[in-house]
Undergrad: 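The structure is given below, and queries will be raised subsequently.
Residue indices begin at 1 and follow the sequence shown. The structure presented is a predicted model; accordingly, all values stated were derived computationally and were not measured. Counting starts at 1 for both ligands and their atoms, following the listed order.
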Amino acid sequence: MNTAAMEREIYVNTGGGYKVTVGAGLIDRCGELLRPVLTGDTVMLITDTSVAPLYLKRATSSLTNAGFRVVPYVIPAGETSKNMAVITSLLELFANSGLTRSDAVVSLGGGVVGDTAGFAAGVYMRGVAFVQIPTTLLASVDASVGGKTGVDLSAGKNLAGVFHQPKAVLCDVLCLDTLPSEVFADGVAEVIKTGILSGEELFSHCESRIDKSDNIISIIEKCVIYKAKIVEEDERDSGRRKLLNLGHTVGHAIERLSGYTTSHGYAVARGIAVISRAAAALGQLGATELDRIISALEANSLPTTTEYTATELAAAATSDKKRKGGTLTLVMPRGIGDCVLIDYPVDELEGIFSLGLGGESTSAGTSTGAL
Ligand code: GLY
């Protein structure tokens, strides 16, 4: 494959504006790619125990060759690292390493590393430059773009954080080769979500199994283009950006109920299935579209059922930070490329989720208008 010819650049016009580069072999070129973007000489290179043995040495050597002083730091892999204690350790490290306002933090890893390093970069000295080098499909298509950073609190996921847009995102698709298949599938759930939101051009790729073959660059590009457009319209998540939460209200509830042993993508896949079945039962989504969504999830070996009851899901969902007063905004699919935000009274959720699990509901369906 002629990888240089396949390299793609997407410009995201938020914050100071930044470029997302998608291509093969970018880790070995990260120093030269970042030199024109970063003003300082020191880079805090944050990664985790899964990624460090694979890519830390290569990223460090590329950055060093480009003239950066690199301070590496490795956090334990996994969602449990997304906590305030890790943020404190990072901030102390930045200060003890002499990180100045003109220097930068670079995250090398999946969503957990990006969210955590990004939060620390966003609050250190009231914000220093930040770069994302995502190494998972999930981080490439969603988490690394758009500036959401943060950590979990015991009350729920991502409850503490800041919006801090990166200066650059480098998606090296060669990293996908080392991903276990279930971690790759985790990212495919977000691709399918974006396909349902954006329309046929992307969704049609999701109807057969997505693999790590040549067209992955184009699939990531399509996801990033869609996300960039939404984020440019609503950087602060007060309107249209909430569409990106398709499947996430139930998904986050499942993650929480499982004590975060269910991964984000697998939980979101279940959430997409539940909310799509509910939308069909409420007459909002046609049977053919529902079948296509469920088949796309199945074609990619993603789960479409959950062991949790509607009561459990509703209770867990109402502690989600996106709840607004007595209502909660759900993303309801009406077709491929046609999803809407609807505010539902919190006491209707159990009925809606019950419909999504294949049960009957007596209380769902009296929703207020679409946002
Ligand atoms: N991951 C959803 C968002 O960035 O808004």
Side-chain angles (χ1 to χ4, degrees), residues 10 12-15 17-18 20 79 82 107 109-119 121-122 130-132 134 136-152 156-166 168-169 171 186-198 202 219-256 260 262-272 275 317 320-324 328-333 339-341 371:
I10 304 110
V12 187
N13 192 18
T14 50
Y18 56 97
V20 179
E79 184 74 25
K82 273 183 62 168
S107 74
V112 168
V113 176
D115 284 4
T116 310
F119 183 19
F130 175 50
V131 169
Q132 297 249 25
T136 63
L137 181 61
L138 192 144
S140 299
V141 298
D142 187 51
S144 65
V145 179
K148 275 191 182 174
T149 72
V151 296
D152 304 333
K157 236 175 113 74
N158 299 328
L159 287 180
V162 291
F163 287 95
H164 188 53
Q165 299 293 339
V169 180
C171 299
D186 228 24
V188 173
E190 291 284 355
V191 175
I192 293 173
K193 175 201 83 175
T194 311
I196 299 167
L197 290 167
S198 63
L202 176 58
I219 287 174
I220 295 172
E221 180 193 24
K222 286 182 173 59
C223 291
V224 173
I225 288 172
Y226 178 78
K227 181 153 185 185
K229 192 170 66 121
I230 293 275
V231 168
E232 284 167 9
E233 285 172 26
D234 176 24
E235 183 179 349
R236 292 281 162 157
D237 203 13
S238 52
R240 270 179 72 68
R241 186 166 179 171
K242 291 180 201 291
L243 287 169
L244 299 174
N245 290 326
L246 173 63
H248 281 57
T249 300
V250 171
H252 283 165
I254 290 172
E255 281 182 272
R256 189 144 191 256
Y260 298 100
T262 299
S263 68
H264 182 65
Y266 279 69
V268 165
R270 293 181 160 101
I272 291 171
I275 210 66
D320 189 296
K321 71 180 184 305
K322 291 166 189 83
R323 181 180 163 188
K324 192 181 77 187
L328 193 139
T329 307
L330 293 181
V331 188
M332 302 303 284
C339 295
V340 287
L341 298 170
L371 287 178

Undergrad: Just to be sure I understand the cut-off, which residues have at least one non-hydrogen atom under 4.0 angstrom from an atom of ligand 1?
TA: Asp142, Lys148, Lys227, Arg241, Leu244

Undergrad: With a 4.0 Å cut-off on N to O distance, would you call Lys227 and Asp142 a salt bridge?
TA: yes

Undergrad: Any chance you could lay out the salt bridge (charged side-chain N to carboxylate O under 4.0 Å, His left out) test for Glu232 and Lys229, step after step, and finish with the verdict?
TA: CA-CA 5 Å; Glu232 284 167 9; Lys229 192 170 66 121; over 6 Å; no

Undergrad: Parallel, tilted or perpendicular: which one describes the rings of His264 and His248, with boundaries at 30° and 60°?
TA: perpendicular

Undergrad: For a side-chain contact (heavy atoms from CB on, under 4.5 Å) with Tyr226, tell me which candidate from Val141, Leu202, Thr194, Val231 qualifies.
TA: Thr194

Undergrad: In terms of side-chain geometry, is the basic nitrogen of Asp234 or Arg240 positioned less than 4.0 Å from the acidic oxygen of its partner?
TA: no

Undergrad: Is it true that Arg241 and Glu233 have a side-chain N and a carboxylate O under 4.0 angstrom from each other?
TA: no

